[in-house]
Amino acid sequence: MYKTHTCGELRATHEGQSVVLAGWVHRQRDHGGVTFIDLRDRYGVIQIVGDPAIPDASPIQHARQEWVLQVSGVVHRRPGGAENPNLATGEIEIHAQKVEVLNQAKPLPFLINKDEDIDENVRLKYRYLDLRREKMQKNLILRHKVIKFIRDYLSDRGFLEVETPMLFKTTPEGARDYLVPSRLQPGNFYALPQSPQQLKQLLMVAGVDRYFQIARCLRDEDLRGDRQPEFTQLDLEMSFVERDDVLSIVEGLFTSMVKEILPEKRLLSSPWPLLTHAEAVQRYGSDKPDLRFGMELYNLSEIFAKSEFRVFQMALQSGGVIKCIIVPGCAEYTRKEVDDLTEFAKEQGAKGLATLALTAEGVKGTAQKFIKPDEVAAIQQLTGAKTGDLVLFVADSKAVAHKTLSALRLLFRDRLKLADPNMLAFAWVVDFPMFEYNEEDKKWDAAHHPFTMPKMEDLPKFETDPASILSDAYDMVLNGYETASGSIRIHRSDIQQKVFQLLGLKDEEIQAKFGHLIEAFQFGAPPHGGMAPGIDRLVMLFADEPNIREVIAFPKNQAGRDVMADAPSPASEKQLRELQIKLDLKEEKK
RNA sequence: GGACCCGUGGUGUAGCGGCCAAACAUGCGGCCCUGUCAAGGCCGAGAUCGCGAGUUCGAAUCUCGUCGGGUCCGCCA
């Protein structure tokens with residue numbers, strides 16, 4: 001046995017006890033005579049005192065940062081005045097009687113004992129060292145607590161955790177699949193699951209009734225700050241439920257979780273706000289609004305119905321809208337600052353940005369000469385804009401206006417610090433559209449997935465107006481992120497047929513792609529639904545991290561590489577031969 | 001596929017046409033020191049400024065290319 005206690009657990013009550021500790025040298029302070037070492041493990045840091053008069057303890061004099069030591073000694077109360085209140089173990093210290101060097105360490109590529117920004121490439125290359133740092137240990141621990149809480153909470157409520165295969169079947173729609181070649185059936189491929197969607201529905205047919213899984217999901221798409229190619233979802237499905245049954249389980253789960261493991265965080269409200277998709281988009285320009293602050297979008301199309309401003313006229317004539325946000329206290333923005341905002345708006349797809357600055361000296365801004373005084377008054381009446389505020393207009397298609405203003409809203413959230421970092425603004429967004437028209441392929445796509453239940457009252461619209469069909473799909477949003485997505489599923493084959501028809505799937509295709517599911521549903525499928533909160537994103541938000549990589553032990557970089565292990569890497573000739581795969585690589589670009 | 005940003009000793013930064021064969025902090029090596037806790041003091045080693053080409057009398061500094069990294073758009077049923 002290497003140790004009797006951890007470095008974090010000893011207190012004044014242990015005074016006089018002989019203990020054996022093992023850990024890393026966090027810091028060393030050599031006073032020539034007496035030597036102090038802060039010994040660290042996952043549980044904390046404790047001061048070891050080395051006396052040169054004790055020969056067995058002499059290795060402490062030569063120990064360097066991150067060496068691994070085993071220390072035998074006696075717990076002593078520190079001399080008066082030498083206590084360290086910043087340390088949980090600060091009232092005591094260990095007087096070393098014997099110090100064993102278990103392992104030495106070369107000088108490290110960066111410091112473990114200091115919280116400074118290190119080049120992320122270096123961090124990822126030496127991830128095992130990065131993970132030794134306090135912040136990363138905290139993130140690992142928080143993630144563990146979140147998952148443990150989920151398992152306990154759901155188990156207590158009758159949920160059964162069931163594992164589903166990683167080697168499964170390619171899904172025709174949705175994200176790009178990761179493929180795995182089959183050696184036993186050359187030329188055929190498994191797909192790694194984008195989510196256990198079909199399998200969890202089959203578990204409902206199997207009578208599991210309440211299922212969950214901490215499920216790894218894989219999608220071969222480009223990475224983002226909040227997106228990794230492999231990520232973890234709390235996958236969850238329930239039988240004999242309606243939408244609100246699912247929402248209330250998940251709301252209860254996260255409300256209790258925050259209370260227990262994040263006591264310093266506040267919820268925006270309890271119960272959580274519930275917005276329809278249409279309402280969220282109209283008010284915030286986004287289906288995942290950050291509700292920690294206001295700055296809502298206003299529709300000015302009516303006020304400008306008779307506007308002579310060509311930009312506004314044209315937007316309205318082509319079926320678009322004129323919308324705005326009010327930026328508090330920014331009326332005095334310089335020309336350069338406004339130009340930068342315009343540039344930002346263009347990057348989001350807008351043709352431009354009209355501004356109106358309500359300064360103490362009167363109305364200014366790029367749209368000033370096109371907007372009549374009565375229109376200014378009407379805007380102030382509608383939006384409550386006051387002197388000192390800056391009005392930003394986007395006149396464009398609905399989609400572009402919403403996307404641009406939503407992005408500007410988040411820009412000002414960060415710039416003006418409008419959102420409380422200690423608030424968790426959980427909310428539900430419900431009643432998503434069932435279908436989206438795919439301009440590229442000239443066909444309808446399922447907005448969520450093809451097994452999502454359309455609203456019963458919208459069934460007649462399949463023939464007349466598919467775009468207006470709503471579904472029983474819902475998202476959980478948190479501080480401007482989509483943190484879960486789910487739906488009530490179709491369990492009636494006649495409705496499933498209608499959906500497949502509208503999606504333009506032929507019977508043979510349906511059979512080949514979903515045959516197993518369709519057949520299963522003919523053997524008594526219960527009404528069911530569920531959702532899948534994203535663990536990585538939630539932990540990222542809980543830990544106040546700006547990036548999902550900070551809460552994943554071994555993440556990929558933006559190019560999808562594992563910098564530490566240098567993956568992906570070429571396959572050997574032998575491997576390829578066994579799989580009967582020949583490479584046909586494109587010529588290198590000259 | 002596209003836009004923008006970044007790249008200076010091991011690490012984090014400064015320098016942004018000549019004062020720089022590059023400064024500071026930390027880490028590293030040595031010496032001193034019996035109560036420190038980001039210990040302190042003294043001494044020392046360590047970067048041809050990602051790489052290549054160009055502009056210039058002169059480039060870490062400007063331009064172009066390239067490589068690496070990041071943020072975002074597209075993509076993510």
Side-chain angles (χ1 to χ4, degrees), chain A residues 26-39 45-53 61 64-66 76 78-87 89-90 93 95 105-126 129-130 171-177 194-195 197-198 217-229 231 340 343-344 346-350 400 403-404 407 410-411 414 432 434-436 438 440 444-452 471 473 482 485 487 499 503 513-514 534 546-547 549 557-559 561 563 589:
Chain A
H26 193 59
R27 283 201 179 86
Q28 198 217 25
R29 295 175 291 281
D30 185 353
H31 287 248
V34 68
T35 298
F36 300 100
I37 275 187
D38 292 337
L39 197 68
V45 167
I46 188 163
Q47 175 162 286
I48 314 291
V49 186
D51 181 344
Q61 322 289 342
R64 290 290 174 269
Q65 283 198 29
E66 298 305 308
H76 281 258
R78 291 195 187 191
E83 299 89 354
N84 184 350
N86 300 319
L87 223 53
T89 58
E93 60 193 12
H95 289 200
K106 346 187 250 188
L108 296 139
F110 49 84
L111 299 184
I112 308 299
N113 59 22
K114 203 172 162 190
D115 183 25
E116 64 179 348
D117 289 328
I118 303 151
D119 182 76
E120 194 166 357
N121 223 13
V122 177
R123 288 180 59 200
L124 289 178
K125 182 168 177 196
Y126 300 98
L129 296 179
D130 191 32
T171 36
E173 292 182 69
R176 192 175 297 110
D177 283 316
Q194 297 177 26
S195 80
Q197 181 60 40
Q198 297 185 29
C217 305
L218 300 108
R219 297 178 188 175
D220 187 6
E221 297 292 348
D222 286 2
L223 289 81
R224 284 284 187 286
D226 64 348
R227 259 167 38 194
Q228 281 274 309
F231 58 102
D340 287 347
E343 196 48 46
F344 179 82
K346 284 182 178 167
E347 282 165 21
Q348 299 297 321
V400 170
K403 176 161 179 266
T404 305
L410 297 181
L411 176 80
D414 298 334
F432 275 65
M434 180 74 196
F435 301 105
E436 282 166 355
N438 183 329
E440 200 179 317
W444 291 98
D445 282 345
H448 186 55
H449 58 61
F451 313 111
T452 301
S471 71
E482 176 196 318
S485 189
S487 64
V499 172
L503 294 176
K513 291 169 176 170
F514 308 113
N547 193 296
R549 291 188 295 272
N557 74 4
Q558 193 163 38
R561 294 199 66 80
V563 179
K589 267 188 264 179

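Order of the sequence lines sets the chain letters (A, B, ...), proteins ahead of strands, with each chain counted from 1. Everything numeric in this text was worked out from a predicted model, so none of it was measured. Quick note: numbers below take in every heavy atom, side chains included, and nothing from hydrogens, waters or symmetry partners.
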Visitor: Go through U71(B), C76(B), G69(B) for me and flag the one nearest to the Ala175(A) side chain.
Guide: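 Looking only at heavy atoms from C-beta outward on Ala175(A), the closest nucleotide is C76(B).
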Visitor: My understanding is that only residues two or more places apart in sequence, or in another chain, count here; which of them pass salt bridge (Lys or Arg N to Asp or Glu O under 4.0 Å) with Arg64(A)?
Guide: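 Testing Arg64(A) for salt bridge (Lys or Arg N to Asp or Glu O under 4.0 Å), a comparison that skips the adjacent residues, returns none.
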Visitor: Write down the distance between CG (Asp119(A)) and C1' (G7(B)), rounded to a whole number of angstrom.
Guide: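 Whole-Å distance recorded here is 8 Å.
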Visitor: Who are the side chain to side chain contact (heavy atoms under 4.5 Å, CB included) partners of Ala447(A), not counting sequence neighbours?
Guide: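 Checked Ala447(A) against side chain to side chain contact (heavy atoms under 4.5 Å, CB included); matches are Glu436(A).
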Visitor: Determine whether a donor-acceptor pair (one donor, one acceptor, N or O, separation below 3.5 Å) exists between the side chain of Arg227(A) and the base of C75(B).
Guide: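 Pair found.
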Visitor: Could you give the distance separating A25(B) and G70(B) at their C1' atoms, to the nearest angstrom?
Guide: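 Straight-line distance between the two C1' atoms is 25 Å.
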Visitor: For Lys513(A), does the NZ atom have more than 12 heavy-atom neighbours from other residues, nucleotides or ligands under 6.0 Å away?
Guide: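 Counting neighbours around NZ of Lys513(A), more than 12 heavy atoms of other residues, nucleotides or ligands fall under 6.0 Å, so yes.
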Visitor: In whole Å, what separates the C1' atom of C49(B) from that of C6(B)?
Guide: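 Approximately 14 Å lies between the C1' atom of C49(B) and that of C6(B).
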Visitor: Please tell me which of the listed nucleotides, G12(B), C73(B), G10(B), lies nearest to the side chain of Ile118(A)?
Guide: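 The answer is G12(B), which lies nearest to the side chain.
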Visitor: Without decimals, in angstroms, what is the distance between Ile46(A) CD1 and U36(B) P?
Guide: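 Spelled out: CD1 on Ile46(A) to P on U36(B) is 18 Å.
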Visitor: Let me spell it out: for each of Asn557(A) and Ala446(A), pick the nucleotide of RNA chain B with the closest heavy atom. Which residue's pick is nearer the 5' end?
Guide: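 Upstream on the strand: Asn557(A).
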Visitor: Expressed in angstrom and rounded to an integer, what is the separation of Ile112(A) atom CD1 from U11(B) atom P?
Guide: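 In whole Å, U11(B) P lies 14 Å from Ile112(A) CD1.
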Visitor: Just to verify, what does Pro546(A) make a side chain to side chain contact (heavy atoms under 4.5 Å, CB included) with, not counting sequence neighbours?
Guide: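 Partners of Pro546(A) under the side chain to side chain contact (heavy atoms under 4.5 Å, CB included) test: none.
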Visitor: For Asp117(A), which contact category applies under a 4.0 Å heavy-atom criterion: base, sugar-phosphate, or nothing?
Guide: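 Sugar-phosphate only.
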Visitor: Could you check Ala447(A) against Gln558(A) and say which one's nearest nucleotide on RNA chain B is further toward the 5' end?
Guide: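 Going by which nucleotide is closer to the 5' end, it is Gln558(A).
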Visitor: Arg27(A) CZ to A38(B) P: how many Å, rounded?
Guide: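 In whole Å, A38(B) P and Arg27(A) CZ are 6 Å from each other.
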Visitor: Only one of Val563(A), Asp119(A), Asp130(A) clears side chain to side chain contact (heavy atoms under 4.5 Å, CB included) with Lys125(A); which?
Guide: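 Of the listed options, the one satisfying the test is Val563(A).
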Visitor: Side chains of Asp177(A) and Gln194(A): is there a donor and an acceptor less than 3.5 Å apart?
Guide: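 Side chains of Asp177(A) and Gln194(A): pair found under 3.5 Å.
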Visitor: With sequence neighbours excluded, what pairs up with Arg27(A) under the side chain to side chain contact (heavy atoms under 4.5 Å, CB included) test?
Guide: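 Result, side chain to side chain contact (heavy atoms under 4.5 Å, CB included) vs Arg27(A): Arg29(A), Asp38(A), Asn113(A).
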Visitor: So which heavy atom on Gly225(A) is nearest to which on Asn547(A), and how close?
Guide: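 Reported closest heavy-atom pair: O-OD1, 3.5 Å.
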Visitor: The criterion is salt bridge (Lys or Arg N to Asp or Glu O under 4.0 Å); which residues satisfy it with Glu83(A), sequence neighbours excluded?
Guide: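 Here no residue qualifies.
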Visitor: Rounding to a whole Å, what distance do you find between Tyr126(A):OH and G12(B):P?
Guide: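 Distance, rounded to whole Å: 12 Å.
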Visitor: Could you tell me the separation between the CG atom of Leu223(A) and the C1' atom of C75(B), rounded to a whole number of Å?
Guide: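 For the pair Leu223(A) CG and C75(B) C1', the rounded distance is 11 Å.
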Visitor: Checking all strands, does Asn113(A) fall into the base, sugar-phosphate, or nothing category for heavy-atom contacts under 4.0 angstrom?
Guide: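 Contact class for Asn113(A): none.
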Visitor: Which is true for Ser195(A) with a 4.0 Å heavy-atom rule: it touches a base, it touches only sugar-phosphate, or it touches nothing?
Guide: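 Base contact - Ser195(A) has a heavy atom under 4.0 Å of at least one base atom.
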Visitor: C1' atom, C43(B) versus G15(B): distance in rounded Å?
Guide: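 Looking at atom C1' only, C43(B) and G15(B) are 27 Å apart.
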Visitor: Round to a whole Å and report the spacing from CG of Asp414(A) to P of C72(B).
Guide: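 For the pair Asp414(A) CG and C72(B) P, the rounded distance is 11 Å.
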Visitor: Not counting sequence neighbours, which residues clear side chain to side chain contact (heavy atoms under 4.5 Å, CB included) with Lys403(A)? List them please.
Guide: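 Result, side chain to side chain contact (heavy atoms under 4.5 Å, CB included) vs Lys403(A): Gln348(A).
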Visitor: With a non-hydrogen cut-off below 4.0 angstrom, is Lys125(A) in contact with a base, only sugar-phosphate, or nothing?
Guide: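 Lys125(A): no heavy atom of the nucleic acid under 4.0 Å.
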Visitor: Searching all strands shown, indicate the nucleotide that pairs with A53(B) (Watson-Crick or G-U wobble; both distances under 3.5 Å).
Guide: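 Matched A53(B) with U63(B) under the 3.5 Å cut-off.
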Visitor: Rounded to whole Å, please give me the gap between CG in Leu129(A) and C1' in G10(B).
Guide: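 Distance check: Leu129(A) CG to G10(B) C1' gives 13 Å.
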Visitor: Would you mind classifying the nucleic acid contact of Gln197(A) as base, sugar-phosphate or nothing, using non-hydrogen atoms under 4.0 angstrom?
Guide: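 Since a base atom lies under 4.0 Å of Gln197(A), the category is base.
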Visitor: Taking protein heavy atoms under 4.0 Å as touching, what does nucleotides 26-35 of chain B look like 5' to 3' if B marks base contact, S marks sugar-phosphate-only contact and - marks none?
Guide: SS-SS--BSB
Visitor: With a 3.5 Å cut-off and heavy atoms only, can you find an N or O donor on one side and an acceptor on the other between the side chain of Arg561(A) and the base of G69(B)?
Guide: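 Looking at the base of G69(B), it does not pair with any donor or acceptor on the side chain of Arg561(A) (distance under 3.5 Å).
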Visitor: Within the pair Arg123(A) and G70(B), is there a side-chain N or O less than 4.0 Å away from OP1 or OP2?
Guide: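 False: Arg123(A) side-chain N/O out of range (4.0 Å or more) of G70(B) OP1/OP2.
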Visitor: Looking at residues at least two apart in the chain, or sitting in another chain, which of them share a ring pair (Phe, Tyr, Trp, His ring centres under 6.0 Å) with His449(A)?
Guide: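 Counting only residues at least two positions away or on another chain, His449(A) forms a ring pair (Phe, Tyr, Trp, His ring centres under 6.0 Å) with Phe451(A).
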Visitor: Pull out every protein N or O sitting under 3.5 Å from an N or O of nucleotides 42-52 of chain B, one pair per line with the distance.
Guide:
none

Visitor: So what does Glu343(A) touch, heavy atoms closer than 4.0 Å: a base, only the sugar-phosphate, or nothing?
Guide: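 Answer is nothing: Glu343(A) stays at 4.0 Å or more from every strand.
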